[in-house]
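Side-chain atoms are counted along with the backbone in the values below, which use heavy atoms only and exclude waters and symmetry mates.
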Amino acid sequence: MDSPHSPSSCSSSSSTCSFEGQTTDTIYLETEEPQTPLAVRRALQLLKSGVPELRIQAARDIRKLTKTSHRCRRQLSEAVGPLVSMLRVDSPESHEPALLALLNLAVKDEKNKINIVEAGALDPILSFLKSQNTNLQASATAALLTLSASSTNKPIISACGAIPLLVEILKDGSPQAKADAVMALANLSTYPDILSIILKTNPIPFIVDILKTCKKSSKTAEKCCALIEPLVDYDECRTSLISEEGGILAVVEVLENGTLQSREHAVGALLTMCQSDRCKYREPILKEGVIPGLLELTVHGTPKSQTKARTLLQLLRESPYPRSEIQPDTLENIVCNIISQIDGEDQSGKAKKMLAEMVQVSMEQSLRHLQQRALVCTPSDLPIAGCTSEVSFK
């Protein structure tokens, strides 16, 4: 994904292509292409000048012009090369204006993303990740997040050594830089072989720290869990997660309060752990109060979440194996079995209440289903027995 907050949000309040206070949507140079705004042509002319101050002004203008206008991003694509060259000069005052202009050029524009990397922007951007200037460091992280949304760029970014630097941002960066670094790593992790590189940096403690402090329904929490889920395929990451104080609890809290996608990643992570070593991870997961959230997911989660939640509930009970016909392998019996083992009246009471509510919801859904079928069932086309419906948890 692209940077969700783009540093341009701190720029001038103008969000249209403007020049000296005039809207340029209808102002064109007669000698130029009829669809090219005057402000765009002016910015390109300043950028190509040899005067550092004018080039910095051009970068600032390009940042404003491309803040919300995809058309301006297309028209200013030729600015990529000169802006990248500004990242390489010794004059520090040119770095951030050029970087922010490139960031806005890249947002939601695949071609510009690729062109920026091909123009050689990664080397200076990675050097800015190590800068003592926190604003420049944050802008570089946001730029890397946006560039990493391109599948073409992912292996190139990884090969340049960006991953250890992003993990350092997770550890020591500003709150916004940490959030952007998590999302950049999540972007990169979807490319084959990059996950193994992330694994070597031992990122779990830093991801958990971010997850514990961020809002559980936020995009940051979603991307933290999107990283944790594949990482816990590896034993060292499972051990790291369970060793971090509040690590499992943070994942459980996302399972309860996150977005639908976040909850899917969270239950997937817990299920992976329990499937890898049920004896080792069953108790730590249970003691964090996961049952109510799992019960809710079996009804209100995505199809994948529902399946994973039911499977995890089966693994969390006293015996993971199917019961006899006397005690059938229904969700209700599975949950009752787990509740009987839970220490703590609060969790047990909450789970029992939610289970009762689920039974009521299921009965209401079944009744509606019966009523709907009664409207279409006739003796000539469907036997009476065919109009019945079982009460079940799905």
Side-chain angles (χ1 to χ4, degrees), residues 1-8 17 33 35-36 40 43-44 47-48 55 58-89 94-129 136-166 169 177 180-195 197-198 219 223 226:
M1 65 174 283
D2 288 323
S3 170
H5 78 291
S6 177
S8 61
C17 300
E33 296 179 15
Q35 296 300 313
T36 304
V40 168
L44 288 172
L47 190 62
K48 293 174 182 176
R55 301 185 77 192
R60 290 174 177 152
D61 290 344
I62 291 170
R63 177 191 179 190
K64 294 176 185 177
L65 291 169
T66 55
K67 181 179 178 181
T68 58
S69 172
H70 180 69
R71 193 170 94 179
C72 286
R73 293 178 196 128
R74 290 281 80 235
Q75 293 167 334
L76 284 161
S77 59
E78 63 184 276
V80 166
L83 287 169
V84 170
S85 71
M86 290 176 66
L87 301 181
R88 297 180 174 279
V89 300
S94 72
H95 293 162
E96 194 164 4
L99 185 57
L100 294 176
L102 286 167
L103 172 56
N104 281 4
L105 277 168
V107 171
K108 297 181 180 179
D109 193 305
E110 178 73 8
K111 188 173 182 180
N112 280 349
K113 286 182 177 71
I114 294 170
N115 288 343
I116 289 169
V117 170
E118 288 181 344
L122 286 181
D123 283 347
I125 288 175
L126 295 186
S127 71
F128 299 155
L129 290 181
L136 184 60
Q137 186 186 78
S139 297
T141 307
L144 207 56
L145 164 57
T146 300
L147 294 174
S148 68
S150 166
S151 58
T152 301
N153 289 342
K154 290 178 184 182
I156 304 172
I157 292 171
S158 175
C160 287
I163 288 172
L165 296 175
L166 286 170
I169 298 294
D180 286 347
V182 162
M183 288 186 270
L185 287 167
N187 280 348
L188 294 169
S189 70
T190 62
Y191 194 87
D193 301 327
I194 290 183
L195 192 66
I197 301 173
I198 297 175
K219 181 63 71 171
K223 294 303 179 180

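For Arg73 (side chain) and Asn104 (main-chain N/O), a donor-acceptor pair under 3.5 Å exists by modelled atom type. A donor-acceptor pair is defined here as one N or O able to donate and one able to accept, closer than 3.5 Å; such a pair exists between the side chain of Arg88 and the backbone of Gly120. Between the Ser148 side chain and the Leu188 main chain, no donor and acceptor come within less than 3.5 Å of each other. Between the side chain of His95 and the main chain of Ile125, no donor-acceptor pair closer than 3.5 Å is present. No donor-acceptor pair closer than 3.5 Å links the side chain of Ser158 to the backbone N or O of Lys154. With hydrogens and angles ignored, the 3.5 Å screen pairs no side-chain donor or acceptor of Ser139 with any backbone N or O of Leu136.
Judged as a side chain to side chain donor-acceptor pair (under 3.5 Å), and not counting sequence neighbours, the contacts of Ser150 are Glu110. A search for salt bridge (Lys or Arg N to Asp or Glu O under 4.0 Å) contacts involving Arg74 returns Asp109, not counting sequence neighbours. Not a single side chain to side chain donor-acceptor pair (under 3.5 Å) links Glu118 to another residue, sequence neighbours left out. Legend: residues meeting salt bridge (Lys or Arg N to Asp or Glu O under 4.0 Å) with Lys48, ordered by chain and number and at least two apart, are Glu78. Taking Ser85 as the reference, Arg55 meet the side chain to side chain donor-acceptor pair (under 3.5 Å) condition, with sequence neighbours excluded. In this view, Ser151 satisfies the side chain to side chain donor-acceptor pair (under 3.5 Å) rule with no residue, not counting sequence neighbours.
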Practice problem: Determine, step by step, whether Leu144 and Leu122 satisfy the side chain to side chain contact (heavy atoms under 4.5 Å, CB included) criterion, reporting the C-alpha distance in whole Å, the side-chain angles of both residues, the deciding distance to 0.1 Å, and the verdict. | Solution: CA-CA 8 Å; Leu144 207 56; Leu122 286 181; 3.9 Å; yes
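For the pair Asn187/Ile157, no side-chain contact is recorded, criterion being any heavy-atom separation below 4.5 Å from C-beta on. Looking only at side-chain heavy atoms (C-beta outward), Leu105 and Asn115 stay at 4.5 Å or farther from each other.
In this structure, the separation between OG on Ser189 and CG on Leu195 is 6.0 Å, given to the nearest 0.5 Å. In this structure, Ile197 CD1 and Asp193 CG are separated by 7.5 Å, a value rounded to the nearest 0.5 Å. Separating the CG atom in Leu165 from the CD atom in Gln137 is a distance of 9.5 Å, to the nearest 0.5 Å. For the atom pair OG1 of Thr146 and CG of Asn153, the computed distance is 11.0 Å after rounding to the nearest 0.5 Å. Once rounded to the nearest 0.5 Å, the distance linking CG of Leu147 with CG of Leu103 reads 8.0 Å. Atoms CD1 and OG, on Ile116 and Ser77 in that order, are 10.5 Å from each other to the nearest 0.5 Å.
Here the shortest heavy-atom pairing between Val84 and Ala119 reads CG1-O, 3.4 Å. Smallest separation of non-hydrogen atoms from Ala177 and Thr141: O-CG2, 3.5 Å. Here the closest heavy-atom approach between residue Met86 and residue Ala59 is recorded as CE-CB, 4.2 Å. Heavy atoms only, all atoms of each residue included: Gly161 and Leu126 are closest at C-CD1, 4.5 Å. Between Ala184 and Leu166, the closest heavy-atom pair is CB-CD1, 4.1 Å. The two residues Ser94 and Val89 come nearest to each other via the heavy atoms OG-CG2, 3.0 Å.
Side-chain contact of Lys113 with Thr152: a donor-acceptor pair under 3.5 Å is absent, judged by distance alone.
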